[in-house]
There are 2 protein chains.
Amino acid sequence: MKLTTKGRYAVTAMLDLSLHYGEGPITLADIAQRQGISLSYLEQLFSRLRKKSLVASVRGPGGGYSLGRGADEIFVGEVISAVDENIDTTRCSGAHNCQNNERCLTHDLWSDLSNQIYGYLNKISLQDLMDRQAVREVADRQDHPDTEQPGLDVSLVDGSGDMAGA
Amino acid sequence: MKLTTKGRYAVTAMLDLSLHYGEGPITLADIAQRQGISLSYLEQLFSRLRKKSLVASVRGPGGGYSLGRGADEIFVGEVISAVDENIDTTRCSGAHNCQNNERCLTHDLWSDLSNQIYGYLNKISLQDLMDRQAVREVADRQDHPDTEQPGLDVSLVDGSGDMAGA
DNA sequence: ACATTCCCAAGCAAAATAGTCAAGATTATC
DNA sequence: GATAATCTTGACTATTTTGCTTGGGAATGT
């Protein structure tokens, strides 16, 4: 299974896009600066996101990217799938030829796990993330990098850990 | 997050150990042959498993490894944690300095996800895996590599997909 | 003694990851 | 229509991780 920086960056960038919805197209340069991601690397990621229609692009000056659909219709699992080829944990990637062309001992375990993770991530939309207070506070900080905000040093971790809660 | 062959091998080997419980210590050479894993690689994995007391070892002829506790007391999550250093999905590994010493936009998302995966895998014991019919059938095949078993080509996938079900 | 097993550390090739670089296409604006 | 901003694409590179090998040891039953 793959859940690496690539997927993290993609979700982060998509969330940035959501948070600045309504300001017209957002340039990758803006996202790169706000989120601390290499511009060229973002380009590669957005190339894949575009192919899956998760973002729409406008070229030329004043151009940039915007969400391909509403933030409540784009789910984290989709974004990760778009950039990480597969979220599958099995070695055989779903086939059952893991060992000498036969099913390996733990094939089903990884298969089930993949389904669990995928199900979990596909319940969380970008809108859900935006609604989190912690996200809003970080976004505020990123939009106003000059002003110090010393009073916000509380624990921002939600800690609810509820599966269905997203 | 890391869920690679290393973790898969470890769980597979531990399951092999469980399945042959009662036959005295199991040598790594046996496991290597049955599961198609490099012996030297297994040695490395078992070194870590041993440090976490997940297995016990006996040296010398007739020696080998056995489970450190009952198969119903060893959980898949533990095994993976023992060999993959961390199952954490956050970049900062739990600290909140992901971006310029501050919390990144999606920190909590990955933190929550880690908890979900960990919670899921820590509910599944080696005994649970052994109770699965599909596992038994594969184990049978591995124990009797000579005899052909053509009648077992049914779909072995459990498909229940229930989170609490393990 | 000796073969069998666990134990350990170093090293290494291939793959994947994270990122760079260079060139081009499109389009708003002056 | 020149220019600059922006997306678009492909190739290339450095670094890290993975999966594995090598080569030694240490313990212990026979």
Side-chain angles (χ1 to χ4, degrees), chain A residues 1-10 12-13 17 23-33 35-66 68 80 83-89 91 93 98-99 104, chain B residues 1-13 17 23-33 35-66 68 80 83-89 91 93 98-99:
Chain A
M1 148 146 187
K2 285 190 271 185
L3 265 187
T4 71
T5 301
K6 204 186 292 185
R8 274 200 296 268
Y9 279 176
T12 302
L17 222 49
E23 305 174 14
I26 307 296
T27 69
L28 290 187
D30 283 350
I31 299 178
Q33 180 163 34
Q35 306 304 333
I37 307 174
S38 142
L39 174 58
S40 305
Y41 200 37
L42 271 181
E43 286 175 344
Q44 289 179 42
L45 299 181
F46 271 73
S47 167
R48 302 208 199 186
L49 294 172
R50 191 168 146 278
K51 279 175 189 153
K52 293 285 173 65
S53 303
L54 292 175
V55 296
S57 61
V58 179
R59 286 175 157 192
Y65 284 95
S66 54
I80 295 177
V83 294
D84 282 355
E85 280 91 83
N86 67 338
I87 201 170
D88 199 345
T89 44
R91 173 149 216 177
S93 299
C98 340
Q99 185 188 357
C104 76
Chain B
M1 150 146 187
K2 285 190 270 184
L3 266 186
T4 73
T5 299
K6 205 186 290 185
R8 273 200 297 266
Y9 279 176
V11 174
T12 301
L17 222 48
E23 305 172 14
I26 308 294
T27 69
L28 289 188
D30 283 348
I31 300 178
Q33 179 163 34
Q35 306 305 333
I37 307 174
S38 143
L39 174 59
S40 305
Y41 199 38
L42 271 182
E43 286 177 343
Q44 290 176 42
L45 299 181
F46 272 72
S47 167
R48 302 207 198 187
L49 294 173
R50 192 168 144 280
K51 279 175 188 150
K52 294 285 172 64
S53 303
L54 293 175
V55 296
S57 61
V58 179
R59 285 177 160 191
Y65 284 95
S66 53
I80 295 178
V83 293
D84 282 355
E85 280 91 81
N86 66 338
I87 201 170
D88 199 343
T89 44
R91 173 148 217 177
S93 298
C98 342
Q99 184 189 358

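Worth saying up front: this structure is predicted, and the values here are computed from it rather than measured. Throughout, a chain's letter reflects where its sequence line sits, starting with A, and its residues are numbered from 1.
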Participant: What distance separates S66(B) OG from L17(B) CG, expressed to the nearest 0.5 Å?
Facilitator: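 Nearest 0.5 Å value for the OG-CG distance: 6.5 Å.
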Participant: Could you tell me whether the side chain of E43(B) has a donor or acceptor atom within less than 3.5 Å of a complementary atom in the base of dC6(C)?
Facilitator: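 Checked by distance alone, the answer is no.
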Participant: OP1 or OP2 of dA18(C) versus the side-chain N and O atoms of T5(A): is any pair under 4.0 Å?
Facilitator: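 It does, given that an N or O in the side chain of T5(A) lies less than 4.0 Å from OP1 or OP2 of dA18(C).
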Participant: Tell me every residue that passes side-chain contact (heavy atoms from CB on, under 4.5 Å) with S53(B), counting only those two or more places apart in sequence or in another chain.
Facilitator: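 For S53(B) there are no side-chain contact (heavy atoms from CB on, under 4.5 Å) partners, ignoring immediate neighbours.
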Participant: Measure CD1/I37(A) against P/dT20(C) and give the value in whole Å, please.
Facilitator: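 In whole Å, dT20(C) P lies 12 Å from I37(A) CD1.
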Participant: For the CD1 atom of I31(A) and the CD1 atom of I37(A), what is their distance to the nearest 0.5 Å?
Facilitator: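 I31(A) atom CD1 to I37(A) atom CD1 measures 8.0 Å (nearest 0.5 Å).
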Participant: Between dG19(D), dT21(D), dC7(C), which one does the side chain of S57(B) approach most closely?
Facilitator: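 In terms of side-chain proximity for S57(B), the closest of dG19(D), dT21(D), dC7(C) is dC7(C).
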Participant: Looking only at the side chain of T27(B) (C-beta and beyond, no hydrogens), which of the listed nucleotides dC7(D), dG19(D), dC6(C) gets closest?
Facilitator: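 Output: dC6(C).
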Participant: By the 4.0 Å heavy-atom rule, please label Y65(B) as base, sugar-phosphate, or nothing.
Facilitator: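 It contacts sugar-phosphate atoms only.
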Participant: Distance check needed: dC6(C) C1' versus L17(B) CG, whole Å only.
Facilitator: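 Taking CG of L17(B) and C1' of dC6(C), I get 14 Å after rounding.
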Participant: How many Å lie between NZ on K6(A) and C1' on dA16(C), as a whole number?
Facilitator: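 Result: 8 Å.
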Participant: I'd like to check Q35(A) versus Y9(A) (side-chain heavy atoms, cut-off strictly below 4.5 Å). Are they in contact?
Facilitator: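 When only atoms from C-beta onward are counted, Y9(A) and Q35(A) do not touch, as no gap falls below 4.5 Å.
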Participant: Can you measure from CD (Q44(B)) to CG (L39(B)) and round to the nearest 0.5 angstrom?
Facilitator: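 Going from the CD atom of Q44(B) to the CG atom of L39(B) covers 10.5 Å.
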Participant: Heavy atoms from C-beta onward define the side chain here; which of dG19(D), dC7(D), dC8(C) lies closest to that of R50(B)?
Facilitator: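 Minimum distance to the R50(B) side chain belongs to dC8(C).
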Participant: Measure the acute angle between the ring planes of F46(A) and Y65(A), then classify it against the limits of 30° and 60° as parallel, tilted or perpendicular.
Facilitator: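 Because their plane-to-plane angle lies in the 30° to 60° range, the rings of F46(A) and Y65(A) count as tilted.
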Participant: Provide, to the nearest angstrom, the distance between the CG atom belonging to L45(A) and the C1' atom belonging to dC7(D).
Facilitator: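 Rounded to the whole Å, the gap is 15 Å.
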Participant: Could you tell me whether the phosphate oxygens of dG19(C), OP1 or OP2, come under 4.0 Å of any side-chain nitrogen or oxygen in Y9(A)?
Facilitator: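 Yes, such a contact exists.
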Participant: Once you round it to whole Å, what is the distance between C1' of dC7(D) and NZ of K51(A)?
Facilitator: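 Distance check: K51(A) NZ to dC7(D) C1' gives 13 Å.
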Participant: NA contact type, S40(B), heavy-atom cut-off 4.0 Å: base, sugar-phosphate, or nothing?
Facilitator: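 Base contact.
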Participant: Nearest-Å distance, CG (L39(A)) to C1' (dG19(C))?
Facilitator: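 So the CG-C1' distance, L39(A) to dG19(C), works out to 11 Å.
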Participant: Tell me which nucleotide among dT8(D), dC20(D), dT20(C) gets nearest to the side chain of Q44(A).
Facilitator: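 Comparing dT8(D), dC20(D), dT20(C) against the side chain of Q44(A), the answer is dT20(C).
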Participant: Testing the 3.5 Å rule here: is there a donor-acceptor pair between the side chains of S47(B) and R50(B)?
Facilitator: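 Side chains of S47(B) and R50(B): no pair found under 3.5 Å.
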Participant: Starting from P on dA14(C), measure out to OH on Y41(B) and report it in whole angstrom.
Facilitator: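 Whole-Å distance recorded here is 17 Å.
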Participant: Whole angstrom is fine here: how far is it from CG in D30(B) over to C1' in dT4(C)?
Facilitator: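 Going from CG in D30(B) over to C1' in dT4(C) covers 12 Å.
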Participant: Between G63(B) and P25(B), which heavy-atom pair has the shortest distance, and what is it?
Facilitator: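 So the two residues come closest at C-CB, 3.6 Å.
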Participant: With a 4.0 Å cut-off on heavy atoms, is I26(B) in touch with a base, just the backbone sugar-phosphate, or nothing at all?
Facilitator: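 Answer is sugar-phosphate: I26(B) comes under 4.0 Å of backbone atoms only.
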Participant: Which pairs, protein N/O on one side and nucleotides 25-28 of chain C N/O on the other, fall under 3.5 Å?
Facilitator:
residue, atom, partner, partner atom, Å
dT26(C), O4', R59(A), NH1, 2.6

